[in-house]
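Here is the structure we will look at.
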Amino acid sequence: MDDREALRRLAARRWRVAVVLTTVMIVAYFGFILMIAFAKPTAGTLLAGGDLSVGIVIGACVIALAPVLTGIYVWWTNRHYDAALAELRGRRDERAP
Amino acid sequence: MTELGDTNVTAIVCFLVFVSITLVITYWAARRTSTTAAFFAAGGKITAGQNGLALAGDYMSAASFLGIAGLVSMSGFDGLIYSVGWLVGWPVITFLIAEPLRNLGKYTFADVVAYRLRQRPVRIAAASGTLAVVSFYLIAQMVGAGNLIHLMFGLSYRAAVVTVGGVMLLYVLFGGMIATTWVQIIKAVMLLAGAIVLAALVLREVGDPLALFGAARAKYPTALAPGALVSNPVEAVSLGLALMFGTAGLPHILMRFYTVPDAATARRSVFYATGVIGVFYLVTFILGFGASVIVGREVITSVDPGGNMAAPLLAEALGGTVFLGVIAAVAFATILAVVAGLTLSGAAALSHDLWGHVIKRGVFEEADQLRVAKYATIGLAVVAMALGIAFEGQNVAFMVGLAFAIAASANFPALLLSMTWRGFTTAGAVASMVTGMTSALVLITLSPTVWVTLLGHAEPVVPLKNPGIITVPLAFAVGIVVSLLRPEPDAQTGFDAAQERMSLGPR
């Protein structure tokens, strides 16, 4: 496998991870919005003796999910992407005129 | 009784300290700003942590601080819907945009779209999108600044607009991106610290967040349940699309990725930004509920019917005039910083895209470009002040929505397609950007917000308040169809080299 093909595969892997994580964020966010639109009573259901509602808990979870997903992505790139990329970059720069 | 609107000595002292410190930084930055690369991208020497804070600073506008705290205090749970919406665009930027953008571009997002396409048509369309977003966002910020400062400091509207425009001009003109970045960082830390201290005071008063929510529900029984904000699912999804993909198309945010050394740093900086902004919105939620419990909705609306003064009134109730002054100064500093970032991205579109690549066709002297950039900055500052004064007393809240709708429809689809699809063509890119921008403008003009509320017609032509659900898919569809109708062999040939550079960066 030449470097060009190796890079193509590595880039494709990054896009796959990126698309999966983006999809998770989109589903979580629009799920939250649609729950409020279509299931208002559920979202307004009280918890913890009336001090909390289902909607607040889910909304706070969607907020927390955003940094968690970006954290997962940074962790993935640190572990599986950057080193392989650095190697390919080094070989390209050696070849460079 | 509130002292909001009286001349507040603490507020003036705090604000003068902020302006003095930032002007000293500007002086320091000015000696490092002798090249275009320093002026627009801080020479690529900003660290991930610094850029993370600066991104957060660019994004946490006075509108999101005062507006969301106000919305939560007035309508409880519904405010959370906005907080969530403002945040969810950030992971999308991290996953899809930050790294390829950093590797492919230099100063603007047009660099990326135009990379393997014909420069002039793409640059004209992309610069128009940038300038439209920047103008609407600037109008909203300037009018907000005038009103806020008048309300909080007792300074006249025009004096406030001219002060903001003048100080911002000093930052950008002399200190370029280095000064703007440090203004953003200082402002982000001040805003976050102010909000956290205020939230801590609320919780000391009330107990824990659960006790706070309970107290809010005891006072306003529907505070924890969804209210009237999301009554129409189509409308809600439409707003969601604009918020999510609009964030990923904001030129002043995208520009910040060029200030770091490489793509890995760009990626880490968005991670920090996402965390900081997430914490900020959770804190704002506490502030909103705190204001409704401690200050009360009736008092908040008596000062400002829109509820925007909830956080300042809360600060006064818990920390007296001194703390009110601190929060007022933070809000002023916030507007100043956001306006500086917007102006810099507008100047980049004018001098790098339009002057450098359209008028000069990519052949120019570096020193000339820097000079053009500085003239552009002065021009934009004057236009911002003029627009701020022209729109005095107008309801411009819809303009932030309009800026996001244009960013989501004109900028984001073309940017994403140019990075991912081999078959994308010059004609496709231009058609997508022009369609996205005009459809967003036309639909918002015909919407209930403008057609009925502003222009006084009885019925809206288009029932949607936010056009995202139509304009975002439309911009994608037009870009794809026009590209398929007439393939561009040169653009396809260039795709492999662009892909390689998107991953590996420039040599």
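All chains are named by letter (A, B, ...) in the order of the sequence lines, taking the proteins before the strands, and each is independently numbered beginning at 1.
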ask   = Salt bridge or not for B:Asp262 and A:Arg89, using N-O below 4.0 Å?
value = no
key: Least distance between heavy atoms, A:Asp51 atom then B:Gly214 atom   = OD1-CA, 3.2 Å
Among the listed options A:Ile36, A:Val68, A:Val54, A:Thr45, the residue most often paired with chain B at heavy-atom distances under 4.5 Å = A:Ile36
ask   = Between B:Val276, B:Leu241, B:Leu212, which shows the greatest number of heavy-atom pairs under 4.5 Å with chain A?
value = B:Leu241
query = Hey, which of A:Phe32, A:Trp15, A:Phe30 has the most heavy atom pairs under 4.5 Å with chain B?
reply = A:Phe30
request  = Heavy atoms only: give me the nearest B:Phe271-A:Val74 pair and the separation to one decimal.
outcome  = CB-CG2, 3.8 Å
task = Let me know if A:Leu34 has heavy atoms under 4.5 Å from chain B in its side chain, its backbone, both or neither.
result = side chain
task = Look at B:Phe213, B:Phe77, B:Tyr281 and state which one has the largest set of heavy-atom pairs under 4.5 Å with chain A.
result = B:Phe77
ask   = More than 12 foreign heavy atoms under 6.0 Å from OH of A:Tyr81: is that the case here?
value = yes
query = How far apart are the C-alpha atoms of A:Ile33 and B:Leu239, what are their side-chain angles, what is the distance that settles it, and do they pass the side chain to side chain contact (heavy atoms under 4.5 Å, CB included) test?
reply = CA-CA 10 Å; A:Ile33 295 282; B:Leu239 173 69; over 6 Å; no
query = Looking at A:Lys40, A:Arg8, A:Arg4, which makes the most heavy-atom pairs under 4.5 Å with chain B?
reply = A:Lys40
ask   = Going through the checks in order, is the side chain to side chain donor-acceptor pair (under 3.5 Å) test met by A:Thr77 and B:Arg267?
value = CA-CA 9 Å; A:Thr77 51; B:Arg267 173 209 304 150; 3.0 Å; yes
pair A:Ile63-B:Trp86: side-chain heavy atoms closer than 4.5 Å = no
ask   = Which residue out of A:Leu46, A:Leu88, A:Val62, A:Val19 racks up the most heavy-atom pairs below 4.5 Å with chain B?
value = A:Leu46
message = If we define contacts as heavy-atom pairs under 4.5 Å, which of A:Ile56, A:Asn78, A:Val17 has the most with chain B?
response = A:Ile56
query = What's the shortest heavy-atom distance between B:Leu80 and A:Gly55, and which atoms?
reply = CD2-O, 4.1 Å
ask   = Going from OH on B:Tyr272 to OG1 on A:Thr70, what distance comes out if it is rounded to the nearest 0.5 angstrom?
value = 11.0 Å
Whether A:Ser53 side chain and B:Leu224 backbone form a donor-acceptor pair below 3.5 Å = yes
task = Answer with side chain, backbone, both or neither: which region of B:Phe285 has an atom nearer than 4.5 Å to a non-hydrogen atom of chain A?
result = side chain
task = Go through B:Ala273, B:Ser83, B:Gly85 and name the one with the most non-hydrogen pairs under 4.5 angstrom from chain A.
result = B:Gly85
task = Identify which part of A:Leu65 has an atom lying under 4.5 Å from any heavy atom of chain B, answering side chain, backbone, both or neither.
result = neither
ask   = Could you give the distance from CG (B:Leu243) to OH (A:Tyr29), rounded to the nearest 0.5 Å?
value = 5.0 Å
query = Is chain A contacted by the side chain of B:Glu99, its backbone, both, or neither, given a heavy-atom distance below 4.5 Å?
reply = side chain
ask   = What are the two closest non-hydrogen atoms of B:Pro226 and A:Ala43, and how far apart are they?
value = CG-CB, 3.5 Å
ask   = Is there a side chain to side chain contact (heavy atoms under 4.5 Å, CB included) between A:Leu10 and B:Ser503 once you walk through the steps?
value = CA-CA 9 Å; A:Leu10 187 64; B:Ser503 308; over 6 Å; no
query = Does some side-chain heavy atom of A:Leu21 sit less than 4.5 Å from a side-chain heavy atom of B:Pro91?
reply = no
remark   = When the 4.5 angstrom heavy-atom criterion is applied to A:Arg14 and chain B, the contacting part is side chain
key: Residue B:Thr420 versus chain A: region with a heavy atom under 4.5 Å   = side chain
request  = Select one option (side chain, backbone, both, neither) describing which atoms of B:Pro506 are under 4.5 Å from chain A's heavy atoms.
outcome  = backbone
ask   = Checking A:Leu7 against chain B: side chain, backbone, both or neither under 4.5 Å from a heavy atom?
value = side chain
remark   = For B:Ala264 and A:Asp82, the nearest pair of non-hydrogen atoms, with its separation, is CB-OD2, 4.1 Å
query = Between CG of A:Asp3 and CD of B:Glu500, what distance do you get to the nearest 0.5 Å?
reply = 9.0 Å
